[in-house]
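Worksheet: one structure, shown below.
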Amino acid sequence: MQKDIFIGDVQSGDHDGQQIELKGWINRTRGSNKIWFVVLRDSTGRIQCVAKREDVGDDTFEALKGALIESSVIITGTVNVDERSEGGHELVVDSATIVGPVNPENPFPITESAMANAEGGETEFLLDNRHLYLRTARMTQMLKIRSSVFGAIHGYFRDREFTEYQAPNFVAGAVEGGSTLFEVPYFGRKVYLTQSWQLYAEAAMPALERLYTVAPSFRAEKSRTRRHLTEFWHAEMEIAWAGNEDVMVHGEGVVRHIAQTLLDERSDELTELGRDLELVARYADNPYPRIRYDEAIETLQGMGVDIEWGQDLDYSKEKVLTKDFDVPHFLTHYPRIAKPFYHRPDPDDPKYVLCHDLLAPEGYGEIIGGGERTWSEQEIIERLEEEGTPREPYEFYIDVRKYGGVPHGGFGLGVDRVCSWLSGADHIREVIPFPRDSRRVTP
RNA sequence: GCCGUGUUAGCUUAGUUGGUGGAGCGGCGGACUGUUAAUCCGCAGGUCGCAGGUUCAAAUCCUGCACACGGCGCCA
């Protein structure tokens, strides 16, 4: 029952002249009453199958001719090298079995016209039919790129003796501002879906010292932008005995490793999606500069942007700032008043915190947020009070600092954002199979 | 929460100063022995988002509503 032969291998020339069996789905058909062409698709590629009525007989010929797009079929035949066929190979059909037919009353809805406008952002129709859109070439390429990004993240951390560690998804307290939490009924109480693995990772930091995860995070932001999802995949790391600069080294390291992995594993897919490989290579090969928040403010003010010291950098300002960047840049040392309690104030000047954001070029914006953590009990209590944040949900977090607190830090990386940026997608929705935003939870 | 745009066949869309809604793709039937988004002929398929209003007459003008999309704030 398992299949032995994949179309990609046939197109590579592994089966020239052989009699083989192919299993797949019908992608296109065309032909006449005497000769019928079926373009067969599987997860590895497409190949044209040619059936001649005089060779296959009337029954097989009519069965193939009546099989609609996306019917699943088993076709046997001989592999023929032929320049006229896409990919240089074709299958001369001996016999064919329709495994899963498609009813003409409900033909496959993802037509050429439905796809025509999809490249500039996906239409409502394609989002409604996401479960079927997944099998188109474009989504297949995106999903393979996504898989390589996930693999690269695990590879980077595991190669450097990080331990993969899991945190709960039901939590009692916020990491970011309280307004972005999803409430969940929980046996008569209210709990929240996690926004980040970080606080629970800090608890395990004294045990594991170097730890990471790739997991979903949830944020109830009503954002309607090309960079936001309510459920997104978050790659986070935490490292003991480390400062802001040490953490940035890993942030830069993992992002450059992802870019290099895509060049090694997915250059065909990137090219087919229209991505310029030279850009991806630039992101893999070059160091990412660091700029302090104060420098960024001065630069923006010099450009005539209306911004004052102490303001966080919103997207419109990020965009102006990164306009001339040709690689990602780290922005460091934000004002203390602009960042949450867990960021450690800079001992050299407590107006600032030891933090960093990594801003991607081409208008993709922030892909990493991280920094050094507030690690003494005294300091974390001060920071919570200063912010007006209630202590109760964070008692465990404070408790951890009573017993051998050490300097440490970490970052969170938006995996979907990285997929979007490196693949050159127009919208973050394009890189995740079933995107969730403030309006859409189906299919 | 705010600003903007839109909703016509399964899909993509045309529709002029208000006067009985057209096309391409997809589907069905037919022709065609090498097609490449095949081509050619024919057929079916429409509560013009919903509810009111103006008018002899509304897809078209007015009001309200719904939904969608784009963008902003916030962030990864």
Side-chain angles (χ1 to χ4, degrees), chain A residues 27-39 46 48-55 61 66 68-70 80 82-87 90 92 102-118 120-129 132-133 175-180 195-198 216-236 251 255 311-319 338-340 357-360 364-370 411-421 426-429 437-440:
Chain A
N27 185 60
R28 288 276 175 278
T29 62
R30 46 187 172 259
S32 71
N33 204 28
K34 303 278 170 56
I35 184 166
W36 197 251
F37 302 96
V38 172
V39 179
R46 305 198 301 173
Q48 174 166 279
C49 305
V50 189
K52 294 180 181 172
R53 187 189 283 275
E54 61 181 20
D55 296 338
F61 193 86
L68 300 189
I69 287 173
E70 288 304 314
N80 192 24
D82 195 318
E83 285 300 309
R84 292 174 294 184
S85 190
E86 175 191 323
E90 65 180 18
V92 181
V102 172
N103 187 336
E105 285 174 27
N106 298 292
F108 191 64
I110 315 294
T111 58
E112 291 290 340
S113 54
M115 296 276 291
N117 292 355
E122 290 155 336
T123 61
E124 184 190 350
F125 175 77
L126 291 175
L127 290 165
D128 286 342
N129 288 281
L132 302 176
Y133 184 49
V175 179
E176 309 292 343
S179 62
T180 64
Q195 298 167 303
S196 168
W197 160 98
Q198 179 195 323
S217 286
F218 305 89
R219 301 210 180 153
E221 290 158 352
K222 285 189 177 170
S223 313
R224 301 190 43 73
T225 77
R226 67 187 59 194
R227 342 173 268 298
H228 283 86
L229 297 166
T230 52
E231 175 182 350
F232 68 96
W233 284 79
H234 211 169
E236 300 183 79
V255 172
Q311 280 182 277
D312 211 345
L313 285 157
D314 61 41
Y315 180 64
S316 60
K317 278 138 198 144
E318 261 181 27
K319 222 156 82 175
K339 290 285 175 184
D357 285 354
L358 182 63
L359 307 181
Y364 284 93
E366 185 175 345
I367 52 175
I368 280 181
F411 66 77
L413 174 147
V415 182
D416 315 280
R417 283 189 180 177
V418 168
C419 292
S420 184
W421 162 54
D426 294 314
H427 200 293
I428 197 164
R429 270 196 311 242
D437 62 30
S438 61
R439 295 189 188 172
R440 181 175 288 278

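Order of the sequence lines sets the chain letters (A, B, ...), proteins ahead of strands, with each chain counted from 1.
- Among the atoms of the strands shown, none is found under 4.0 Å from any heavy atom of A/Ser217.
- For the OP1/OP2 pair of B/G34 and a distance below 4.0 Å, the side-chain nitrogens and oxygens of A/Ser85 include no atom meeting the criterion.
- Qualifying side chain to side chain contact (heavy atoms under 4.5 Å, CB included) partners for A/Ser32, counting only residues two or more places apart in sequence or in other chains: A/Lys34, A/Ile35.
- Taking A/Phe232 as the reference, A/His234 meet the ring-ring contact (aromatic ring centres under 6.0 Å, His included) condition, with sequence neighbours excluded.
- Closest approach to the A/Arg30 side chain among B/U35, B/A68, B/A76 is made by B/U35 (side chain taken as heavy atoms from C-beta onward).
- In this structure, the side chain to side chain contact (heavy atoms under 4.5 Å, CB included) partners of A/Arg439, at least two apart in sequence or on a different chain, are A/Arg224, A/Asp437.
- Scored by the ring-ring contact (aromatic ring centres under 6.0 Å, His included) test, A/Trp233 finds A/Phe150 as partners (sequence neighbours excluded).
- Listed by chain and number, the residues in a side chain to side chain donor-acceptor pair (under 3.5 Å) with A/Ser438 amount to none (sequence neighbours excluded).
- The side chain of A/Arg227 sits closest to B/C74 out of B/U35, B/A76, B/C74.
- For the side chain to side chain contact (heavy atoms under 4.5 Å, CB included) test, residues two or more places apart in sequence or in another chain that qualify with A/Arg226 are A/His427.
- In this structure, A/Asp357 reaches neither bases nor backbone, as no heavy-atom distance under 4.0 Å exists between it and the strands shown.
- Qualifying side chain to side chain donor-acceptor pair (under 3.5 Å) partners for A/Ser420, counting only residues two or more places apart in sequence or in other chains: none.
- Among the nucleotides B/A68, B/G34, B/A76, the one closest to the side chain of A/Ile428 is B/A76.
- Remark: RNA chain B takes part in the stems B:1-7 with B:66-72, B:10-13 with B:22-25, B:27-31 with B:39-43, B:49-53 with B:61-65, each of 3 or more antiparallel Watson-Crick or G-U pairs, criterion distances under 3.5 Å.
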Polar atoms only, N or O, under 3.5 Å: list the protein pairs with nucleotides 27-33 of chain B and their distances.
| residue | atom | partner | partner atom | Å |
| --- | --- | --- | --- | --- |
| B/G27 | O2' | A/Pro104 | O | 3.4 |
| B/C32 | N4 | A/Asn33 | N | 3.4 |
| B/U33 | O4 | A/Glu54 | OE1 | 3.3 |

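- Across the protein-nucleic acid pair, A/Arg226 atom CZ and B/C74 atom P stand 18 Å apart, rounded to whole Å.
- In this view, A/Glu86 and A/Arg46 satisfy the salt bridge (Lys or Arg N to Asp or Glu O under 4.0 Å) rule, not counting sequence neighbours.
- If you take CG of A/Asp314 and C1' of B/G71, they are 13 Å apart, rounded to a whole angstrom.
- Out of B/A76, B/G73, B/G34, the shortest distance to the side chain of A/Asp82 is found at B/G34.
- By the criterion of a centre-to-centre distance under 5.5 Å and near-parallel planes under 30°, the ring of A/Phe232 forms a stack with the base of B/A76.
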Check: protein-nucleotides 1-3 of chain B nitrogen or oxygen pairs below 3.5 Å:
| residue | atom | partner | partner atom | Å |
| --- | --- | --- | --- | --- |
| B/G1 | OP1 | A/Lys222 | NZ | 3.1 |

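- Put simply, A/Arg429 has a side-chain N or O that comes within less than 4.0 Å of OP1 or OP2 on B/G70.
- Counting only heavy atoms from C-beta on, A/Ser316 has its side chain closest to B/G73 among B/G73, B/G34, B/G10.
- Considering only residues two or more places apart in sequence or on other chains, A/Ala51 meets the side chain to side chain contact (heavy atoms under 4.5 Å, CB included) condition with A/Val56, A/Leu64, A/Val93.
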